[in-house]
Amino acid sequence: MAESVRAELFARLREQETAVEPEQIALALAALGHAEPARTPHADVHTAFLANVLANKGTVELARDRGAAVQAIGRYLYQRFRTHKLVAGNDPRLAAMPWRDGGVLPRFGAAENGDSAALSYARLGVAETGAIVTYTGRANPGRNNLLPEDHLVLINREDVVATLEDAWARIRHDTAASGWPRGIQFIAGPSSTADVEAQLVMGAHGPRRWHVILVGDTPAEVLAQASEGVRAPS
Amino acid sequence: MKLASNEFLQASSAALLEEDKAQRRSLIGQFLPLARDAAASAYGDFDALRAHMKRVRRHTMTHLSHYLEQFEEAAVQHGNQVHFVANAEQLNSKVLSICQAHNARRVAKGKSMVTEETGLNELLLKAGLDVLETDLGEYIIQQAGETPSHIVGPALHKSLAEIRQLFLDKHKLGDRELETVSEVVEEARGVLREQFLAADVGIIGANALIAEHGTSMLVTNEGNGDLCANLPPVLIVCTTFERVLPRAEDAMALQRLLVRSATGQPQTCYTSFYTGPRREDDVDGPLETHIILLDNRRSDILASDYSEMLDCIRCGACLNHCPIYIGVGGHAYGWVYPGPMGSVLTPLLTSLEQAHHLPNACTSCGRCAEVCPANIPLPDLLRDLRQDESVQQLKPARWRNGLRLHAWLLRHPGLYRSLTGWTISVLGLLGKRRGAFRRLPFAGGWTGQRDVPAPEGGGTFMRQYAARRRRGGKRG
Ligand code: SF4
């Protein structure tokens, strides 16, 4: 069945098209260029990124280095859950963090139903949309982004790019070496729904809270500027 | 889904009388256009973005066989099984056979208008499968045994009180308040989480297919589609072949248009790209993935004068901006797709004969075309459908004769002018006292809901215009 349906469809399509060499098609496509990115609230990519994360109802924090990041995670977990438990993918960058210094007890692997918090080390951050990008795999199983109550994300300063097009350039570069992952997820906020009475509620199916920690030497003013004019999430 | 578009007139009359629902719709009609406008202007040059997307779509459609083949090849290389199906029946039986091959019992479904179109759930349920819609809006209407009233917010017609009662009846969870929106969402989260964890098969739609990488884009806020795509051991993506776009960047352009036009957000929470089954050392994800590409007359539409309709990205903006949709609601349209996009698609995907009322409901106000991110000339397509309708003689004879008379009059301007002049003077005299008519002969349908103002002195527009020109063409 499917074979003949396929053949018929392609025959119909080709009947209507003028045959053009693939090289010609590629040239015509390249000539179309790309769309313009959205305007961002700040010219500086890190300020814009943080401002958009906040606008997406995420919370943000700065950490000078991995040690500071561990401390920040420890504080967050204690305040939210009175626990030090955390699940994280088998990302070598995460394995190398000084967990004991922050009193955090990570379990490395895939998140399970009932896990309160999962941590991902993002591949990318996108200033244009305030999204972080993860690739599925051992380093970050897809379910870790989805099952826990809270999703914590580390993102290195140098991995924040300006636009969605920049993000894809990086994704192409990364995957040229490691192969195309099963899933690429752009995440921009806690899971939300407005399906009942058009009222926005967090934690529809996935995480109720989304906490992004920008790792690297970021002046505190950047966060102050990013927070200006953005309503704090309730 | 069963087609009931031939009952459009009765259904819309009934809908106009439901005050509570009408009020709910008018809120949608006020709020969503404002949100869309704000998001579009915050973006920057939104019209340039629309024009760019249009060029990309034209290019893609001109070379569709090339891009479709490229998509298929890449998708297969990534380990997907790609199936082409011609119609609803084939799609449904393909899905069922995949489920049966895995002895599946439970299915978790993400939002997919395509499977609404094919009526997939009905078949799966009949075959004994436990199928749950997981998009909250879809879940609500599935539990209520209803159909979507809106392509983006399927349950926006339901009040909190109705949903509360529905959940109290359906979920055997003992005594509870369930009085706030948050409580309702929380309860659905609990029920659906179980389904995600236990499902043998996940079914999702796709917002775009990317030829270059053989991947499909899924855009949601709830993350339900992502849970369907990541937890069950088998994943089936149900979509249509013309969703294909050349590059990831083109999908990004589409996504920029979609989110702003649909909900006024600058960005949805989840934008994901799924590209096949679990890789060698992955610890999660489906073991088997299928992509089903449905035609269902789309290749006919592509070859017709209505091909631009295939550019629709299902954002729902034309619904939110349509005075008819806001007036009568989605159910009156009698099928999956309501509003302006539905009034074009329904006749094309089913039959003009059964759906010919829909193009006639359009007042040609043009708001849909003004906001359509895909720049589809919806009022023109609706006018062309009315033309087809007249060629196929689908209107009652009384209408056709009336139109023919009108056309004849227009070809005799002298007669037309004296006749309209006469009518205006008579109406002016008759309506002088009240200034308006409650009822007019031959226009009972129109005057049933509103008054017609009586003409004031000065004669017809043409006469006043001519007089003004004679006075020296001064503009007033
Ligand atoms: S026709 Fe245009 S406005 Fe309407 S749903 Fe489709 S893309 Fe959106």
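Per chain, numbering begins at 1; letters A, B, ... match sequence-line order.
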Side chain to side chain contact (heavy atoms under 4.5 Å, CB included) between A:Asn52 and B:Gln267, worked out: CA-CA 9 Å; A:Asn52 278 333; B:Gln267 172 72 15; over 6 Å; no
Student check: side-chain heavy atoms of [X] and [Y] closer than 4.5 Å:
X: B:Ile140; Y: A:Val196; result: yes
X: A:Glu128; Y: B:Pro266; result: no
X: A:Arg172; Y: B:His213; result: yes
X: B:Asp45; Y: A:Glu36; result: no

Donor-acceptor pair between B:Ser299 and A:Arg12 side chains, under 3.5 angstrom: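 Looking only at side-chain atoms, A:Arg12 and B:Ser299 do form a donor-acceptor pair, the distance falling under 3.5 Å.
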Residues B:Glu222 and A:Thr193: side-chain donor-acceptor under 3.5 angstrom: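 Their side chains do contain a donor-acceptor pair, which is all the 3.5 Å distance test asks for.
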Pick from B:Met252, B:His59, B:Glu186, B:Arg55 with the largest number of heavy-atom pairs that fall under 4.5 Å of chain A: B:His59
Under-4.0 Å salt bridge between A:Glu165 and B:Arg256: yes
SB check B:Glu72 A:Arg6 (cutoff 4.0 Å): yes
Main-chain N/O of B:Thr134 paired to A:His205 side chain as donor or acceptor, under 3.5 Å: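 Flag set: sc A:His205 to bb B:Thr134 pair under 3.5 Å.
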Chi angles and distances behind the side chain to side chain contact (heavy atoms under 4.5 Å, CB included) call for B:Cys269, A:Trp210: CA-CA 10 Å; B:Cys269 303; A:Trp210 184 60; over 6 Å; no
Worked verdict on B:Tyr274 versus A:Gln185 for side chain to side chain contact (heavy atoms under 4.5 Å, CB included): CA-CA 8 Å; B:Tyr274 292 111; A:Gln185 295 164 313; 2.9 Å; yes
Chi angles and distances behind the side chain to side chain contact (heavy atoms under 4.5 Å, CB included) call for B:Phe273, A:Ile171: CA-CA 12 Å; B:Phe273 300 83; A:Ile171 292 170; over 6 Å; no
Under 4.5 Å from a heavy atom of chain B, the part of A:Arg143 involved: both
Proximity breakdown for B:Leu227 and chain A, heavy-atom pairs closer than 4.5 Å: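 Looking at B:Leu227, backbone and side chain both touch chain A.
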